[in-house]
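Counting starts at 1 for both ligands and their atoms, following the listed order.
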Amino acid sequence: MLTWVRKNLFLSAFLFSFLLLLAGCAHGTESDGALPQEESESQPDEDDIVIGISQVGSESDWRMMNTKAYMDTFTEEKGYYLIFEDGQQKQENQVKALRKFILKGVDYIVLAPIVETGWDAVLKEAQDAGIPVIIVDRDVSVEDESLYICRVGSDLMQEGRNAGEWLADYLESRGRRNEKINIVTLQGTPGSTAQIGRTSGFAEVMKKHANWNMLEYQSGDFTQAKAYEVMEYFLETYDDIDVVICENDNMAFGAIEAIKEAGLKLGKNGGIIMLSFDAVRDALLLVQKGEIMADFECNPIIAPLIEETIQKLERGEAVEKVQYVDETYFDYKMDIGTLLLDREY
Ligand code: GZL
């Protein structure tokens with residue numbers, strides 16, 4: 001596991017520096033805390049479409065893939081001038097970024113909101129400035145839904161339902177339909193759509209199974225380090241955990257590390273049943289090993305659908321208020337090796 005962690009730390013560091021390099025192709029300054037980037041001297045060409053993207057942060061493998069897709073899609077060669085701002089997991093940084101985009105008079109604002117609430121005022125400022133806002137990835141909860149044009153992302157509640165239905169089928173197949181099942185959940189960032197949706201979607205299915213017992217919910221904030229600490233606490237507190245739900249793969253990596261250090265087993269032969277969300281490459285390798293029993297995909301490559309939406313708006317065409325990307329799931333019974341061959345992330 002240590003080698004695995006070292007390999008992945010190297011890979012993540014490489015990925016992060018690669019993205020920093022890539023981000024250099026975009027324009028803009030990191031919000032406080034990250035490496036400062038020079039404001040680009042270049043100005044948009046007359047007919048460039050100027051897009052301001054406010055990203056949540058760089059908290060997970062999923063987020064890195066999501067950011068890379070923006071860089072790969074909104075290129076200068078294709079007539080885009082991209083101003084990318086990393087929110088560093090802080091809403092105030094994202095609000096600052098949106099005000100910067102408004103001042104610059106961008107053509108579109110693309111916002112990946114870290115949490116659902118607290119956006120009404122700044123979205124009203126964008127509307128008053130005549131700048132269309134596209135909400136991406138997670139959702140916002142605002143009084144007036146005309147404050148944004150549309151949302152492009154995942155049906156996060158359905159992902160939670162899918163996980164619950166998969167667990168019900170699995171337990172049935174193992175003759176454990178009526179057995180008492182003790183569950184703990186490592187939740188994502190509190191108040192984020194991914195946390196709200198996955199938690200409530202799974203809870204909807206749990207209502208149909210009186211023998212399922214949710215011992216506790218704790219936030220791992222979508223990070224591996226926090227999840228490791230939370231899983232250590234769960235293992236010290238409960239001695240009969242049957243199922244661990246991790247609301248993203250990076251938290252599953254941390255939870256698995258803590259479970260292994262406690263000398264406990266994972267997997268179908270009497271081990272802890274680990275369910276996760278995102279289905280990034282490193283997690284699918286753990287599905288292949290049977291350490292994650294099932295992983296519910298959250299497609300990070302939403303940039304192409306956002307570009308399609310912007311092109312429609314440029315042509316004056318109407319767009320759907322909510323557009324979901326296609327998603328599936330992977331489990332221990334599947335031939336993950338073959339599936340990985342042509343997978344983008
Ligand atoms: C889901 C996205 C979540 C991912 C996490 O749409 O917002 O944020 O599941 C990421 O990996 O941190």
Side-chain angles (χ1 to χ4, degrees), residues 8 11-12 15-16 19 53-70 86-91 93-94 110-117 119 134-141 150-163 185-202 219-228 230 245-256 274-284 286 292 294-303 305-306 322-330 344-345:
N8 282 282
L11 182 67
S12 312
L15 246 185
F16 184 67
L19 283 171
I53 295 188
S54 170
Q55 178 60 295
V56 167
S58 48
E59 74 285 357
S60 64
D61 294 23
W62 186 96
R63 189 65 57 194
M64 311 291 254
M65 293 298 115
N66 179 249
T67 294
K68 183 180 178 301
Y70 293 138
D86 177 342
Q88 305 278 311
Q89 289 265 82
K90 292 192 181 78
Q91 181 171 28
N93 289 341
Q94 291 197 280
V110 172
L111 168 64
I114 180 165
V115 292
E116 292 198 343
T117 54
W119 303 101
I134 298 173
I135 304 297
V136 297
D137 174 17
R138 302 173 187 177
D139 203 353
V140 292
S141 169
C150 64
R151 173 180 173 240
V152 178
S154 301
D155 183 346
L156 294 150
M157 189 158 179
Q158 189 54 47
E159 290 175 8
R161 291 190 193 101
N162 293 345
T185 298
L186 287 92
Q187 292 182 302
T189 304
S192 67
T193 312
Q195 178 271 305
I196 295 168
R198 290 167 184 163
T199 296
S200 50
F202 186 86
S219 171
D221 213 18
F222 286 131
T223 67
Q224 181 169 341
K226 182 80 190 297
Y228 174 85
V230 169
I245 311 277
C246 291
E247 291 186 349
N248 88 326
D249 288 334
N250 290 79
M251 292 197 288
F253 300 155
I256 287 169
M274 172 77 66
L275 304 185
S276 187
F277 294 85
D278 284 352
V280 297
R281 181 170 292 272
D282 280 347
L284 293 184
L286 297 177
I292 295 177
D295 205 333
F296 300 86
E297 184 186 39
C298 181
N299 188 344
I301 318 292
I302 56 179
L305 187 48
I306 299 166
V322 181
Q323 301 172 76
Y324 291 137
V325 286
D326 296 334
E327 297 178 338
T328 182
Y329 75 91
F330 303 87
E344 264 188 85
Y345 60 96

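Neither side chain, N299 nor D326, offers a donor N or O lying under 3.5 Å from an acceptor on the other. D137 and Q55 share no side-chain donor-acceptor pair at under 3.5 Å.
Remark: T117 engages S141 in a side chain to side chain contact (heavy atoms under 4.5 Å, CB included) (not counting sequence neighbours). With sequence neighbours excluded, no residue satisfies salt bridge (Lys or Arg N to Asp or Glu O under 4.0 Å) with R151. Partners of D249 by side chain to side chain contact (heavy atoms under 4.5 Å, CB included), not counting sequence neighbours, listed by chain and number: F253, S276, D278, V280, A283, D295.
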Derivation and outcome, side-chain contact (heavy atoms from CB on, under 4.5 Å), residues W119 and Q91: CA-CA 9 Å; W119 303 101; Q91 181 171 28; 3.2 Å; yes

Which protein N or O atoms sit under 3.5 Å from any N or O of ligand 1? Give each pair with its distance.
unit_1, atom_1, unit_2, atom_2, d
ligand 1, 6 (O), D137, OD1, 2.4
ligand 1, 7 (O), R63, NH2, 3.2
ligand 1, 7 (O), D137, OD1, 2.9
ligand 1, 7 (O), D137, OD2, 2.9
ligand 1, 7 (O), R138, NE, 2.7
ligand 1, 8 (O), R63, NH2, 3.0
ligand 1, 8 (O), R138, NH2, 2.8
ligand 1, 9 (O), R198, NH1, 2.8
ligand 1, 9 (O), R198, NH2, 3.2
ligand 1, 9 (O), D278, OD1, 2.6
ligand 1, 9 (O), D278, OD2, 3.4
ligand 1, 11 (O), S60, OG, 3.0
ligand 1, 11 (O), N248, ND2, 2.9
ligand 1, 11 (O), D278, OD2, 2.6
ligand 1, 12 (O), E59, OE2, 2.5
ligand 1, 12 (O), S60, OG, 3.1

